[in-house]
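Below is one structure, written out as structure tokens; comments come after it.
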Protein chains: 2
Amino acid sequence: MNISQAAKLSGLSVKTVRYYADIKIVEPARDIQSGYRSYSNDDVAKLNFIGKARRFNFSIEECRELLSLYQDKNRSSKEVKKLTLAKIASIDEKLKEFHSLRDELSYLVNCCNGDDRPSCPILDELSK
Amino acid sequence: MNISQAAKLSGLSVKTVRYYADIKIVEPARDIQSGYRSYSNDDVAKLNFIGKARRFNFSIEECRELLSLYQDKNRSSKEVKKLTLAKIASIDEKLKEFHSLRDELSYLVNCCNGDDRPSCPILDELSK
DNA sequence: TATAAAGTCTCCTGTTACTGGAATGTAAAG
DNA sequence: CTTTACATTCCAGTAACAGGAGACTTTATA
């Protein structure tokens with residue numbers, strides 16, 4: 001199938017699918033006549049896989065790893081679990097950061113009258 | 001003072017301070033002899049302000065807005081509060097996303113034996 | 001005072017994961 | 001046969017810097 005079919009089936013944009021071909025993560029065959037990319041069902045499965053992994057916040061490089069583990073029928077589940085645990089840990093860090101940011105900002109917002117006068121505790125805090 | 005002094009006082013890197021000069025958010029005077037950037041205390045205060053706002057996850061463009069509000073003695077606190085509330089809302093969105101990611105991933109991790117056998121529910125999920 | 005070391009300058013590249021657009025070629029529909 | 005839709009490559013832009021090269025200035029040491 002051609003690229004727009006593959007894109008539709010995988011839920012990705014044509015641009016993205018082409019990009020994945022450029023960076024050699026999903027390399028389709030080529031139609032010799034037209035030069036058009038020609039995607040197999042297997043290619044689409046890989047695109048799907050990557051799409052899901054990206055939604056799980058895995059980076060492209062991590063997707064590459066997961067994909068090669070996925071294709072290696074002898075891999076141990078240990079390796080996959082390790083990658084996933086690391087991802088969870090990094091998400092936890094971000095969560096912590098954003099939580100404390102949120103708390104500080106909402107504290108400041110609560111202190112701020114939000115009226116037409118110039119006095120503003122938010123700016124005061126930022127300038128300290 | 002020269003750039004490394006300003007960087008030290010504001011807790012930013014020299015590269016960052018120079019970058020802020022390039023994008024015209026904090027533009028120091030120049031020493032005519034050497035061409036070196038010359039920072040005033042006021043410039044350092046702005047750098048500090050921006051550093052803090054960045055740590056609060058405000059983008060450079062938002063910093064620009066906050067800075068001009070900060071310098072406008074007649075601004076209303078309403079405007080600042082509005083910006084800050086929008087920032088909180090966007091942080092909340094990210095928090096929600098990351099929370100659900102975390103939950104899904106840790107669910108998968110708990111399903112995975114993490115042993116030397118190939119069977120892996122994580123990869124199974126990604127390939128669905 | 002000569003020289004070396006440290007600091008600064010500008011300019012260019014790379015980062016992440018794409019998106020948008022231009023110029024051009026191919027395929028499908030009427 | 002022409003229009004339209006889709007495809008291709010290549011280049012630029014995004015956010016917010018970091019790293020590094022090559023050249024110049026200032027400061028410290030011998």
Side-chain angles (χ1 to χ4, degrees), chain A residues 1-39 43-44 46-67 87 90-91 94 97-98 101, chain B residues 1-39 43-44 46-67 87 90-91 94 97-98 101:
Chain A
M1 71 192 81
N2 62 19
I3 197 169
S4 60
Q5 272 294 313
K8 188 165 293 173
L9 287 178
S10 60
L12 302 173
S13 75
V14 169
K15 277 280 186 188
T16 298
V17 173
R18 201 174 280 128
Y19 173 70
Y20 288 169
D22 287 350
I23 63 171
K24 300 174 193 306
I25 187 164
V26 177
E27 296 178 277
R30 292 284 185 153
D31 183 305
I32 301 172
Q33 305 289 349
S34 62
Y36 284 14
R37 292 177 179 83
S38 173
Y39 287 83
D43 291 329
V44 172
K46 286 188 202 173
L47 289 173
N48 256 311
F49 183 97
I50 296 167
K52 269 221 169 159
R54 292 286 300 126
R55 263 170 266 136
F56 276 112
N57 204 247
F58 286 101
S59 71
I60 289 286
E61 288 316 305
E62 289 167 328
C63 287
R64 236 184 257 277
E65 270 186 87
L66 286 171
L67 201 55
K87 180 51 57 182
S90 89
I91 290 178
K94 284 187 194 166
E97 254 179 75
F98 280 120
L101 273 182
Chain B
M1 72 190 81
N2 62 20
I3 197 169
S4 59
Q5 273 294 313
K8 189 165 292 173
L9 287 178
S10 61
L12 302 173
S13 75
V14 169
K15 277 279 183 188
T16 298
V17 174
R18 201 174 280 129
Y19 173 69
Y20 288 168
D22 286 349
I23 63 171
K24 299 173 193 308
I25 187 163
V26 177
E27 297 179 274
R30 292 283 184 153
D31 183 305
I32 301 173
Q33 305 289 352
S34 61
Y36 284 13
R37 293 177 178 82
S38 173
Y39 287 83
D43 291 330
V44 172
K46 286 189 204 172
L47 289 173
N48 255 312
F49 183 96
I50 297 168
K52 267 220 172 159
R54 293 283 302 126
R55 262 170 266 135
F56 277 113
N57 203 246
F58 285 101
S59 72
I60 290 286
E61 288 316 306
E62 287 167 330
C63 288
R64 237 185 256 276
E65 270 186 85
L66 286 170
L67 201 55
K87 180 53 57 182
S90 88
I91 289 179
K94 283 186 197 167
E97 253 179 75
F98 279 121
L101 273 183

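Every chain is numbered from 1 and lettered A, B, ... according to where its sequence line falls, protein lines coming before strand lines.
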Counting heavy atoms from C-beta on, name the nucleotide in C:dG7, D:dA7, D:dC17 closest to the side chain of B:Asn2.
-> C:dG7
Main-chain N/O of A:Asn57 paired to A:Lys87 side chain as donor or acceptor, under 3.5 Å = yes
OP1 or OP2 of C:dT19 less than 4.0 angstrom from a side-chain nitrogen or oxygen of A:Ser13, does that happen here?
-> yes
Find the distance B:Asp31:CG to C:dG7:C1' and express it as a whole number of Å.
-> 13 Å
B:Lys15 side chain: which of C:dC18, D:dA18, D:dA16 is closest?
-> D:dA18
For the side chain of B:Tyr19, counting heavy atoms from C-beta on, which of D:dA18, D:dC17, D:dT25 is nearest?
-> D:dC17
Below 4.0 angstrom, N of the basic side chain to O of the carboxylate: do B:Glu97 and B:Lys94 qualify?
-> no
Where the side chain of A:Arg37 is concerned, which of D:dA16, D:dT8, C:dT8 is the nearest nucleotide?
-> D:dT8
Heavy atoms, side chains only, cut-off 4.5 Å: are A:Leu9 and A:Tyr39 in contact?
-> no
Side-chain heavy-atom pair B:Arg54, B:Ile60 within 4.5 angstrom cut-off | yes
Just how far, in rounded Å, is P of C:dA28 from CD of A:Gln5?
-> 12 Å
Ignoring backbone atoms, test whether B:Thr16 places a side-chain nitrogen or oxygen under 4.0 Å from the OP1 or OP2 oxygen of D:dA16.
-> no
note: B:Arg18, atom CZ; C:dC11, atom P; distance rounded to Å ~ 12 Å
Compare the minimum distances between each of D:dC6, C:dA17, C:dT26 and the side chain of A:Ser34, then state the nucleotide with the smallest one.
-> C:dT26
Nucleotide of C:dA17, C:dG7, C:dT10 approaching B:Arg30 most closely (side-chain heavy atoms) = C:dT10
For B:Gln33 and D:dT27, what is the distance between atoms CD and P respectively, to the nearest whole Å?
-> 12 Å
Give one of base, sugar-phosphate or nothing for A:Ile23, where a contact means two heavy atoms less than 4.0 Å apart.
-> nothing
Considering only heavy atoms from C-beta outward, does the side chain of B:Arg18 approach that of B:Arg37 to under 4.5 Å?
-> yes
For A:Arg54 and C:dT19, give me the distance from atom CZ to atom P, rounded to whole Å.
-> 10 Å
Here the distance between atom C1' of C:dT16 and atom CZ of A:Arg64, to the nearest Å, is 13 Å
Among C:dT19, C:dT8, D:dC17, which is the nearest nucleotide to the side chain of B:Tyr20?
-> D:dC17
Between D:dA5 (P) and A:Lys8 (NZ): distance, integer Å | 14 Å
Among D:dA18, C:dT26, C:dT19, which nucleotide sits nearest the side chain of A:Tyr36?
-> C:dT26
CG of B:Asp22 versus C1' of D:dA18: gap in Å, rounded?
-> 13 Å
